[in-house]
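A note on names: the letters A, B, ... follow the listed sequences, proteins ahead of strands, and every chain is numbered from 1. These numbers come from the heavy atoms of this one structure, side chains and all, not from hydrogens, waters or symmetry mates.
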Amino acid sequence: MSCEVKVSKEFESKVDETITHYPVSKRSASLPLLHLWQEEFGYVSNQGVEWIAAKLDLQPINVYELVTFYPMFREQPAGKIQFRVCRTLSCALAGGYELFDHLKKNCKIEGDGHHGPAVSPEGKYSIEFVECLASCGTGPVLMVNDDFYEQVSNDKANELVKKYG
Amino acid sequence: MAIAETRLIFKHIDSPGYTNDIDCYLKNGGYSTLRKAITMKTAEIITEVKTSGLRGRGGAGFPTGVKWGFIDPTKNTKPVYLICNADESEPGTFKDRQIIHKDPHQLIEGMIISCFANNVKLAYLYIRGEFPEGAKILERACNEARAKNFLGKNILGTGYDLEIYIHRGAGAYICGEETGLIESLEGKRAYPRIKPPYFPAVLGLYMSPTIVNNVETLCNIIHVLQMGGANFAKLGKPNNTGTRVLCVSGDVVKPGYYEFEVGALTLGQLIYEVCGGIKNGKKLKAIIPGGSSAKVLKAGERYKIKQKQADGTMIDVDLALEDIPMDFDTMAAVGSMAGSGGVIVMDETRSMPECLANISEFYAHESCGQCTPCREGSLWMKKITTRIRDGKATVEDVGVLKNVADNIAGRTICAFGEACSWPVQSFVTKFKEEFETVAGNGAKK
Ligand SMILES: Cc1cc2nc3c(=O)[nH]c(=O)nc-3n(C[C@H](O)[C@H](O)[C@H](O)COP(=O)(O)O)c2cc1C
Ligand code: SF4
Ligand code: FES
């Protein structure tokens, strides 16, 4: 097992601080560490899995099985600008599917994007359908990276593409 | 608007000038209930919660005081943990997000009091991964509370220590199920645990007694103590006390979140008076009354149920859909559930096969995969509903679909089995003709 990946001091100290939140069992820090890793490196690589496992005294499989279970973790990079459009009923009634198709066209993204990001050719944008984002009264809703937007019309979507592009 | 809201939990939310920092919360009387609580005996607090009749707002409606009472402080030797369930992912539900974003200290105060009452020293707030901003807001709120000594070591000089940590999920709905949540918090896949024990209060996080409560439930604890359990119990109806935040979405003029005493208004009043009726002058077709797993109610349906009178006697009543009061017991009596308070409204132009296909795709994606009936069944329900929606099925497929659903519920580890099959059973039974027509004739969606 090789863990040659270099992480910054700053990153490691964030990791160490996070582990202190789980005085009873370090293993509990798996999900938070995966989040930190993905924020830092954009996706969770094999090296990431091994690094986290070593940090928490776990087998890599204990960490890897989380990556494959939890939809938010990725094994490949997504676009620099990530759209996550709510797919579920209330948003669908309010035009979520139309919004999704509009954005896909606008960002020239091929591919399906049903659960799991579809990335534009140059890697700038990615789009994916996600399930209910708990804002069903103001659909259709989406997230751009970590930011959240409600009642997103096609015009508003165009503005967002400009704003983040 | 004809019926006035009773805003307890949402009292400050959206009021002009109200901000989510601790100064604003303190100016509005925040943390005064914590100051009162720490002067009480823990058993007294639990008694107040029992007296209040408060039922959990996460979906199952289990009495909070009873849940807390499962832990006997005279016998238990293990540490007790408390987890706030902020996974809010039942489609149609959007109240906890509002509390987290706009009044986080109400939640933190409610949590601290609940922890104090149950002698909890370490608590986690499990928030869904898709709320990154909410998690930051809560982190800040905890730091502010720590700086004022409402949290941390020797809280307000009482000698009581408590730490609360924010823990983010990562996009899996099943983490809302309390034992799945606990597994997830232990750093594992969120596989719900085999019951018994039925309650994490018996065996939960790290094999210790653990209380899991919803965001809105924990906020309610403040109000129970503020007004006293007996006064709280006067709000709403017997066995259905307090207020409830109802989230309305779909085809109404004014979707949104509204807080009423439990059962204070009917479904008809909610939709036609509070929410301004159906959008674009259309007629009602169907309502999902308590999150997407609740059984659908069909416009024009009537329900013959037994209703408890004020004097305790039971009488037979015949209710129209519009006359159903929004409380736990009546919603159950008409064959659905009040669930998470998420009301989804569909107008006459909506295709029921299309709506059900949407819901079934959700459940197929979210099944954790442990139990064969749920893992396989939810996938087949998605495939068949999609086929029906696209007019590529046969009339017989409608029966097959119902049969699949009938063979999931009651045969699984967790209540997700019911959650995914109830919509299918109810849609297919109540809109049978539409399903059969669409299935066979190649109709476009
Ligand atoms: C499939 C499934 C999903 C659930 N999702 C949530 C949720 O997102 N939020 C929540 O508070 N409770 C959810 N629950 C209910 C919890 O298991 C648990 O009953 C609740 O958090 C207890 O809190 P309460 O007593 O305050 O309601 C879910 C239950 C099931 C079976
Ligand atoms: S019922 Fe479904 S979600 Fe629940 S444990 Fe079984 S497979 Fe998992
Ligand atoms: S259905 Fe889109 S936020 Fe709930």
Side-chain angles (χ1 to χ4, degrees), chain A residues 18 20-36 38-39 44 52 56 58 62-63 65-74 84 86-94 96-97 114-115 128-139 141 143 145-148 150-151, chain B residues 79 81 88-97 122 124 128-133 136 163 165-173 175 184-191 205-206 208 247-251 254-257 288 292 342 344-347 350 354-355 358-359 361-362 365-366 368-369:
Chain A
T18 301
T20 65
H21 297 183
Y22 306 95
V24 185
S25 163
K26 274 213 291 199
R27 184 174 184 175
S28 283
S30 306
L31 242 53
L33 262 50
L34 283 165
H35 274 301
L36 286 173
Q38 187 160 292
E39 273 159 34
V44 184
I52 291 170
L56 298 177
L58 297 170
N62 301 137
V63 179
E65 68 173 359
L66 306 180
V67 178
T68 55
F69 183 85
Y70 292 93
M72 281 180 80
F73 298 129
R74 290 184 297 272
R84 281 179 284 184
C86 173
R87 191 207 63 81
T88 319
L89 185 57
S90 305
C91 282
L93 294 175
Y97 274 69
H114 249 67
H115 304 123
E128 93 186 274
F129 259 143
V130 292
E131 299 300 339
C132 181
L133 289 172
S135 206
C136 325
T138 46
V141 305
M143 293 177 76
N145 302 335
D146 274 355
D147 306 332
F148 176 74
E150 307 164 274
Q151 289 174 323
Chain B
Y81 301 110
E88 185 160 66
S89 25
E90 174 76 10
T93 319
F94 47 99
K95 60 194 176 65
D96 298 343
R97 177 200 271 275
L122 179 60
Y124 290 98
R128 63 181 297 190
E130 298 92 331
F131 287 178
E133 196 191 335
K136 284 197 186 109
E163 262 319 327
Y165 293 114
I166 314 299
H167 183 96
R168 289 180 64 203
Y173 164 75
C175 296
S184 178
L185 187 50
E186 290 186 354
K188 303 172 195 156
R189 286 184 163 199
Y191 288 148
L205 184 66
Y206 308 134
S208 283
C247 312
V248 190
S249 63
D251 298 319
K254 286 186 287 181
Y257 39 82
I288 298 170
S292 70
I344 308 173
V345 180
M346 288 152 278
D347 76 26
R350 300 299 184 179
E354 189 169 356
C355 291
N358 184 293
I359 295 173
E361 183 168 343
F362 173 83
H365 182 247
E366 301 300 340
C368 85

Heavy-atom pairs under 4.5 Å with chain A, option from [options] with the top count:
options: B:Ser89, B:Cys247, B:Cys355; result: B:Cys355
options: B:Arg128, B:Glu366, B:Arg189; result: B:Arg189
options: B:Pro255, B:Pro79, B:Gly171; result: B:Gly171

For a 4.5 angstrom cut-off between non-hydrogen side-chain atoms, does [X] reach [Y]?
X: B:Cys175; Y: A:Tyr70; answer: yes
X: A:Leu89; Y: B:Ile288; answer: yes
X: B:Glu133; Y: A:Met143; answer: no
X: A:Val141; Y: B:Phe94; answer: no

Is chain A contacted by the side chain of [X], its backbone, both, or neither, given a heavy-atom distance below 4.5 Å?
X: B:Ser184; answer: both
X: B:Phe131; answer: side chain
X: B:Thr93; answer: backbone
X: B:Lys188; answer: both
X: B:Leu122; answer: side chain
X: B:Pro91; answer: both
X: B:His167; answer: both
X: B:Tyr124; answer: side chain

- Query: Can the ring centroids of A:Tyr22 and B:Tyr206 be said to lie less than 6.0 angstrom from one another?
  - Reply: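 No, ring centres 6.0 Å or more apart.
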- Query: At a heavy-atom separation under 4.5 Å, does A:Arg87 approach chain B through its side chain, its backbone, both, or neither?
  - Reply: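 When you check distances to chain B, atoms from both the backbone and side chain of A:Arg87 fall under 4.5 Å.
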- Could you look at A:Leu31 and say if it's the side chain, the backbone, both or neither that has a heavy atom under 4.5 Å from chain B?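 Side chain of A:Leu31 only, per the 4.5 Å heavy-atom cut-off to chain B.
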- Using modelled atom types only, decide if a donor and an acceptor are shared between the side chain of A:Ser90 and the backbone of B:Gly250 within a distance under 3.5 Å.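 Pair absent, no side-chain N/O of A:Ser90 close to backbone of B:Gly250.
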- Is there a donor-acceptor contact under 3.5 Å from the side chain of A:His35 to the main chain of B:Gly169?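 Answer holds: yes.
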- A:Thr88: what forms a side chain to side chain donor-acceptor pair (under 3.5 Å) with it, not counting sequence neighbours?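 If we apply the side chain to side chain donor-acceptor pair (under 3.5 Å) test to A:Thr88, skipping adjacent residues, the hits are A:Glu131.
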- Step by step, work out the salt bridge (charged side-chain N to carboxylate O under 4.0 Å, His left out) result for A:Glu39 and B:Arg168. CA-CA 13 Å; A:Glu39 273 159 34; B:Arg168 289 180 64 203; 3.4 Å; yes
- Taking ring-ring contact (aromatic ring centres under 6.0 Å, His included) as the test, write out the residues that go with B:Tyr165, two or more places apart.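 Per chain and number, B:Tyr165 pairs via ring-ring contact (aromatic ring centres under 6.0 Å, His included) with A:His21.
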